[in-house]
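Bear in mind that the values here come from a model prediction, so they are computed numbers and not experimental data.
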Amino acid sequence: QVQLVESGGGSVQAGGSLRLSCAASGRTFGGYAMGWFRQAPGKERECVAAITWHGGRTNYADSVKGRFTISRDNAKNMVYLQMNSLQPEDTAVYYCAEDGQKFRLWVTVRLSDYDYWGQGTQVTVSS
């Protein structure tokens, strides 16, 4: 059974930075794309960043382009989300998720393509 555990959330002021980490276990991590999603109160869960299984391709939501960076370390079974220039609208619960299809060639941002989810970590940005 795949387990994903996020860490690194917290409270920061606008303009600050946070680095989220997600530790994966349970199957061969390196063969699956990973995504970071967020859900704010009253809003749908959205993909903010995703990365292919080999790390060669990434995709970002327009709202975070240039501010967030997704990366992965397959040797450590870890995926990261570096978040800079945080704004109050970035406040949400952030989840990491693992793609259900092995060796997918493209980056998917569809929630339905991700089979495994972490418990989430809260990010709060104050103005």
Side-chain angles (χ1 to χ4, degrees):
Q1 183 71 10
V2 174
Q3 287 191 322
L4 303 173
V5 180
E6 302 99 336
S7 61
S11 297
V12 296
Q13 290 191 327
S17 298
L18 284 173
R19 188 194 194 206
L20 304 184
S21 299
C22 175
S25 62
R27 68 177 179 182
T28 305
F29 173 77
Y32 299 89
M34 298 294 295
W36 282 100
F37 294 75
R38 68 184 180 188
Q39 188 165 21
K43 294 188 177 181
E44 294 185 352
R45 191 171 298 189
E46 63 170 345
C47 182
V48 295
I51 188 167
T52 49
W53 60 273
H54 49 76
R57 295 183 181 178
T58 57
N59 184 286
Y60 296 94
D62 288 343
S63 59
V64 307
K65 280 181 181 176
R67 300 189 298 123
F68 290 13
T69 302
I70 188 171
S71 61
R72 66 188 296 160
D73 185 337
N74 287 347
K76 296 182 179 179
N77 288 6
M78 297 290 294
V79 63
Y80 307 98
L81 185 67
Q82 177 67 43
M83 305 186 295
N84 298 328
S85 301
L86 284 162
Q87 300 301 315
E89 52 266 34
D90 296 317
T91 296
V93 178
Y94 284 71
Y95 302 88
C96 72
E98 188 168 305
D99 192 353
Q101 180 177 320
K102 196 171 184 179
F103 299 137
R104 192 188 300 269
L105 296 179
W106 61 92
V107 181
T108 178
V109 299
R110 297 193 309 179
L111 273 70
S112 59
D113 284 336
Y114 290 83
D115 284 358
Y116 299 98
W117 295 80
Q119 81 288 350
T121 185
Q122 177 70 46
V123 171
T124 302
V125 185
S126 58
S127 58

Exercise for the section: Answer whether the closest heavy-atom distance between the side chains of R104 and D113 falls below 4.5 Å. Expected result: yes

Practice task
Determine whether L18 and V125 fall in the same hydrophobic cluster, where Ile, Leu, Val, Met, Phe, Trp and Tyr are linked whenever their side-chain heavy atoms lie under 4.5 Å apart.
Solution key: yes

Handout entry: Hphob cluster co-occupancy, W53 + V109, side-chain heavy atoms under 4.5 angstrom
Key = no

Handout entry: side chain to side chain contact (heavy atoms under 4.5 Å, CB included) evaluation trace for T91 with R38
Key = CA-CA 9 Å; T91 296; R38 68 184 180 188; over 6 Å; no

Problem - Rounded distance [0.5 Å steps], CG in N74 versus NE2 in H54 - result: 10.0 Å

Handout entry: Heavy-atom side-chain contact between K102 and Y32 under 4.5 Å
Key = yes

Exercise for the section: Working to the nearest 0.5 Å, report the span between OG1 of T52 and CG of D99. Expected result: 10.5 Å

Fill in the blank from the handout: With R27 as partner, the option from Q1, E98, Q3 fulfilling side chain to side chain donor-acceptor pair (under 3.5 Å) is E98

Problem - Backbone of S85 reached by a side-chain donor or acceptor of R67 within 3.5 Å - result: yes

Practice task
Quickly, which of V107, V48, L81 forms a side-chain contact (heavy atoms from CB on, under 4.5 Å) with I70? Name it, please.
Solution key: L81

Handout entry: Distance-minimising heavy-atom pair for S126 and P88
Key = C-CG, 4.4 Å

Handout entry: Where G15 and Q87 come nearest, the two heavy atoms and their spacing
Key = N-NE2, 4.2 Å

Practice task
Output the distance between atom CG (L86) and atom OG (S11), rounded to the nearest 0.5 Å.
Solution key: 11.0 Å

Exercise for the section: Could you tell me which non-hydrogen atom of N84 sits nearest to which non-hydrogen atom of S17, and how far apart they are? Expected result: OD1-OG, 3.0 Å

Exercise for the section: Treating Ile, Leu, Val, Met, Phe, Trp and Tyr as nodes and any side-chain heavy-atom pair under 4.5 angstrom as an edge, say whether Y80 and V93 lie in one connected cluster. Expected result: no

Problem - Rounded distance (nearest 0.5 Å) linking atom CZ of R19 with atom OG of S71 - result: 6.0 Å

Practice task
Assess the pair Y114 and F37: is the distance between their ring centroids shorter than 6.0 Å?
Solution key: yes

Handout entry: Verdict with supporting geometry, D115 and V2, side chain to side chain contact (heavy atoms under 4.5 Å, CB included)
Key = CA-CA 9 Å; D115 284 358; V2 174; over 6 Å; no

Exercise for the section: Write down the atom of W117, the atom of L111, and the distance for their closest heavy-atom approach. Expected result: CZ2-O, 3.8 Å

Handout entry: F29-L4 co-clustered via ILVMFWY side chain contacts under 4.5 Å
Key = yes

Handout entry: Check: M78 and S21 side chains under 4.5 Å, non-hydrogen atoms
Key = yes

Practice task
Would you name the heavy atoms of A40 and A92 that are closest together and state the gap between them?
Solution key: N-CB, 3.8 Å

Practice task
Can you label the angle between the Y94 ring and the F68 ring as parallel, tilted or perpendicular, going by 30° and 60°?
Solution key: tilted

Handout entry: Nearest non-hydrogen partners of Y95 and E6, listed with the distance
Key = CA-OE2, 3.2 Å

Practice task
Calculate, to the nearest 0.5 Å, the distance between atoms OG and CD belonging to S127 and E89 respectively.
Solution key: 10.0 Å

